[in-house]
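These numbers were taken from a predicted model, which means no experiment stands behind them.
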Amino acid sequence: GTCRIGYGGDTLNTAIHMARHGCDVVYATALGEDPFSNQLLLAWSAEGLDCSTILTDPVRGAGLYAITLDAAGERSFTYWRSDSAARQLFALPGSKALTQTVRDAGTLAFSLISLAILPEEGREALVSLARSIREDGGLVAFDGNYRPRLWEDAATAAHWRDRAIAASSIGLPTLDDEVAMTGEATPDDVARHW
């Protein structure tokens, strides 16, 4: 019965890893005005992330999840993200400036989880941003990180995965995720699809 509070997530982990290796990284998301959100901002800044594009939602807070380990060390996730500030990223004041900052950077990394937590119009905005960066000669990396509990069904996740693949220049699929989403069972099947 013990737990440890920390921070993480696929895109955040990527951003911190890159910052620790000397890259200039601007992290784009939304947090609340609560003490927990403020602690996250301070911790991420201390990791070397430029947090100037992190938007503030006056009503919502940070998305939360718990990771439980079984006896073999396998992870399972429990999510509390339906009311997270990040869901409103493209609807909050400042989102146009954030989008322009990301477009000007010429590089974007996002994931299927990024798409999963957004409402439909936010998903459209993110894929459109990725497409415009790629069309302008920038670099777009997409991680096909599939978490079934974040999606209404596998077909919807596969639809947005395919839209993201088409807008990206680097694809990062995982065989286990692809099998869970679509039943594609071999690395060759996944490679052909991606």
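Applying the side-chain hydrogen bond (donor to acceptor under 3.5 Å, both in side chains) test to His17 and every residue at least two apart in sequence or in another chain returns nothing. Asp50 pairs by the side chain to side chain contact (heavy atoms under 4.5 Å, CB included) definition with Val26, Ser52, not counting sequence neighbours. With sequence neighbours left out, the side chain to side chain contact (heavy atoms under 4.5 Å, CB included) criterion links Asp34 to Phe36, Ser37. Listed by chain and residue number, Arg123, Trp151, Glu152, Asp153, Trp160 satisfy the side chain to side chain contact (heavy atoms under 4.5 Å, CB included) test with Thr156 (two or more places apart in sequence, or in another chain).
Side-chain polar atoms of Tyr27 and Glu47 form no donor-acceptor pair below 3.5 angstrom. With no hydrogens or angles considered, no side-chain donor-acceptor pair links Thr101 and Asp104 at under 3.5 Å. Side-chain atoms of Asp10 and Ser111 form a donor-acceptor pair, as typed in the model, at a separation below 3.5 Å.
A donor-acceptor pair is defined here as one N or O able to donate and one able to accept, closer than 3.5 Å; such a pair exists between the side chain of Ser132 and the backbone of Leu129.
Residue pairs meeting the ring pair (Phe, Tyr, Trp, His ring centres under 6.0 Å) criterion with at least one partner in residues 121-145, sequence neighbours excluded, are Phe110-Phe142, Phe142-Trp194.
Nearest heavy-atom pair across Leu89 and Ala30 is CD1-N, 4.0 Å. Of all heavy-atom pairs spanning Leu98 and Thr53, the tightest one is CD1-O, 2.9 Å.
Listed by chain and number, the hydrophobic cluster partners of Leu172 are Leu139, Ile170, where partners are ILVMFWY side chains within reach of under 4.5 Å, directly or through others.
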